[in-house]
Protein chains: 2
Amino acid sequence: MATDELLTRALESLGDDDPVSVEAILRLTGPADVPESLTIAQAADLLDVSAHTLRYYERAGLVAVSRDTLGHRVYDAGAVRRLVFLTRMRLSGMPMRDLQHYIALVDAGEDTVPERLDMLLEHRDTVRRRIRELTLSLAATEFKIATYGGEAGPDAIE
Amino acid sequence: MATDELLTRALESLGDDDPVSVEAILRLTGPADVPESLTIAQAADLLDVSAHTLRYYERAGLVAVSRDTLGHRVYDAGAVRRLVFLTRMRLSGMPMRDLQHYIALVDAGEDTVPERLDMLLEHRDTVRRRIRELTLSLAATEFKIATYGGEAGPDAIE
DNA sequence: CTATGGCTTCGAGCGCGCTCGAACGCAAAC
DNA sequence: GTTTGCGTTCGAGCGCGCTCGAAGCCATAG
């Protein structure tokens, strides 16, 4: 499988000077434990979002969550898996609108796989562009820091 | 000077498979031409923002722009240089609030250089974290694309 | 028996960064 | 002399993604 290869590439591109945490890898491949069921507080904690946000995602139609006898939300493995995906996509900048469309495709069945793939490919390119953009800005910032740290150029300081 | 070194590093980290455009390098080091004076439309065009946004930045106190006899804005070299900096920082995610603080420091004189440097260092770290975050998300997305493209895992598809 | 605490729903509100529209001024082109 | 076009000011509005508060339900602790 290409899993290891992809992971290795990801790790490499993160640089050697700041090794990736174990949690990051786990989050990348998904949570190792398949939780039987979580409360909203536990899910929020696991996913590093607020309970408010989880309810908001549910209202937005991104995930269905069942209830216990008290009417409290019960996050099963499926819900958690989907939320891991959703929060990851949100973190990488995919708009709610796109996520709603994507999830609608998922719910529509296997026929939509090609379109889903298209969305993922486009998102991949968007993220790549953003990384390049940030890398450029980073270099510019480091350049400015260098001018501040050393001798100041004629009018380079601002 | 470390300019070449920084640029080289930036270029390297962008990867070999998609060489950096000339414009990107020019934007990184600042526009090569020192424009004598620009209209708002020309400045907007150069900076790739709307005229509305330029007026908004001025209102926000980020840049002072003089006027001609007609009351029209005249962007001189200084204003353009500052706006290049501002738009770059905005693009890399620095909030307006921080930018306002930074510019206030600039306007307050050389005594504030250490604090400005602090802000830049913090911003650098923020951008680095964001790049790492995006790189991880990118790897996850590529992984998902791979599972879609090849054989689908048991319940990996979503 | 009454807190306390965690959950529920609902709708409103907020912070951010623009973005836009209205009403107007001036000048060069036709 | 009017139209076209580019600019001005001002304040309001918008899209996004949450974020919060109020009012209520239920269970366990003291």
Side-chain angles (χ1 to χ4, degrees), chain A residues 35 37-76 79-80 82-83 85-103 123 126 130 133-134 137, chain B residues 35 37-76 79-80 82-83 85-103 123 126 130 133-134 137:
Chain A
S37 72
L38 296 180
T39 67
I40 193 169
Q42 292 167 331
D45 203 59
L46 177 71
L47 296 161
D48 207 31
V49 296
S50 72
H52 283 302
T53 298
L54 289 182
R55 293 192 199 100
Y56 167 69
Y57 287 172
E58 187 180 350
R59 265 191 288 178
L62 294 181
V63 60
V65 184
S66 53
R67 308 298 153 113
D68 63 13
T69 53
L70 293 178
H72 290 194
R73 286 171 176 79
V74 176
Y75 290 86
D76 61 15
V80 171
R82 178 168 288 189
L83 282 167
F85 169 70
L86 291 170
T87 51
R88 188 143 61 207
M89 290 315 224
R90 285 294 305 120
L91 206 58
S92 55
M94 183 176 279
M96 287 293 290
R97 219 173 317 110
D98 292 2
L99 242 14
Q100 287 170 323
H101 183 204
Y102 187 92
I103 290 300
H123 181 64
T126 301
R130 184 67 183 137
E133 208 170 66
L134 286 179
S137 288
Chain B
S37 73
L38 296 181
T39 67
I40 193 168
Q42 291 167 331
D45 203 58
L46 176 71
L47 295 161
D48 207 32
V49 296
S50 72
H52 282 301
T53 298
L54 289 182
R55 293 192 198 99
Y56 167 69
Y57 287 172
E58 187 180 349
R59 266 192 288 177
L62 294 181
V63 60
V65 184
S66 54
R67 309 298 154 112
D68 64 13
T69 53
L70 293 177
H72 289 194
R73 287 172 176 79
V74 175
Y75 290 85
D76 60 15
V80 171
R82 178 169 288 190
L83 282 167
F85 169 70
L86 291 170
T87 51
R88 190 144 60 207
M89 290 314 228
R90 286 294 305 120
L91 206 58
S92 55
M94 183 177 279
M96 287 293 290
R97 218 173 319 113
D98 292 4
L99 242 14
Q100 288 170 321
H101 184 203
Y102 187 91
I103 290 301
H123 182 63
T126 301
R130 184 67 183 136
E133 208 170 67
L134 286 178
S137 287

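So you know, we letter chains A, B, ... as the sequences are listed, proteins then strands, and number each from 1. Below, all heavy atoms of this structure are taken into account, side chains as well, without hydrogens, waters or symmetry copies.
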By the 4.0 Å heavy-atom rule, please label A/A41 as base, sugar-phosphate, or nothing.
sugar-phosphate
Identify each atom pair where a protein N or O and an N or O of nucleotides 9-11 of chain D are less than 3.5 Å apart, giving names and distance.
from, atom 1, to, atom 2, distance (Å)
D/dT9, OP1, B/R67, NH1, 2.8
D/dT9, OP2, B/R73, NH1, 2.9
D/dT9, OP2, B/R73, NH2, 2.7
D/dG11, N7, B/R59, NH1, 3.4

Rounded to whole Å, how long is the line connecting atom CE of A/M94 with atom C1' of D/dC18?
19 Å
So do A/R55 and A/R73 actually touch side chain to side chain, heavy atoms under 4.5 Å?
yes
Rounded to whole angstrom units, what separation is found between the CG atom of A/D45 and the P atom of C/dC7?
11 Å
Close side-chain approach of A/M96 and A/L62, heavy atoms under 4.5 Å
yes
In whole Å, I'd like the distance from the CG atom of B/L99 to the P atom of C/dG17.
9 Å
Assess, by modelled atom type and distance only, whether the side chains of A/H123 and A/S92 contain a donor and an acceptor separated by less than 3.5 Å.
yes
Side chain to side chain, A/V63 and A/L54, heavy atoms closer than 4.5 Å:
no
Between atom CG in A/L47 and atom C1' in D/dC18, what is the gap in whole Å?
16 Å
Just wondering, do A/Y102 and A/M89 contact through their side chains at under 4.5 Å, heavy atoms?
no
Are B/R90 and B/L99 side-chain neighbours, meaning at least one heavy-atom pair lies under 4.5 Å?
yes
Could you check whether any side-chain heavy atom of B/Y75 comes within less than 4.5 Å of a side-chain heavy atom of B/L46, counting everything from C-beta outward?
no
For D/dG7, does OP1 or OP2 lie under 4.0 Å from any side-chain N or O of B/T39?
yes
Nucleotide D/dC6, atom P - distance to CD1 of B/I40 in whole Å:
13 Å
Is any side-chain N or O of B/Y56 closer than 4.0 Å to OP1 or OP2 of C/dC20?
no
Of the candidates D/dC18, D/dT8, C/dA27, the side chain of B/L70 sits closest to C/dA27
Examine C/dG17: is either OP1 or OP2 under 4.0 Å from a nitrogen or oxygen in the side chain of B/Y57? Give yes or no.
no
Using modelled atom types only, decide if a donor and an acceptor are shared between the side chain of B/Q100 and the backbone of B/A60 within a distance under 3.5 Å.
yes
Rounded to the Å, how far apart are A/L62 CG and D/dG17 P?
10 Å
Measure CE/B/M89 against P/C/dG17 and give the value in whole Å, please.
14 Å
Taking CE from B/M96 and P from C/dC18, how many angstroms apart are they, rounded to a whole number?
6 Å
What N/O pairs connect the protein and nucleotides 23-25 of chain C at under 3.5 Å? Give each pair on its own line.
none

Name all residues meeting the salt bridge (charged side-chain N to carboxylate O under 4.0 Å, His left out) criterion together with A/R67; count only those two or more places apart in sequence or in a different chain, and write none if there are none.
A/E58
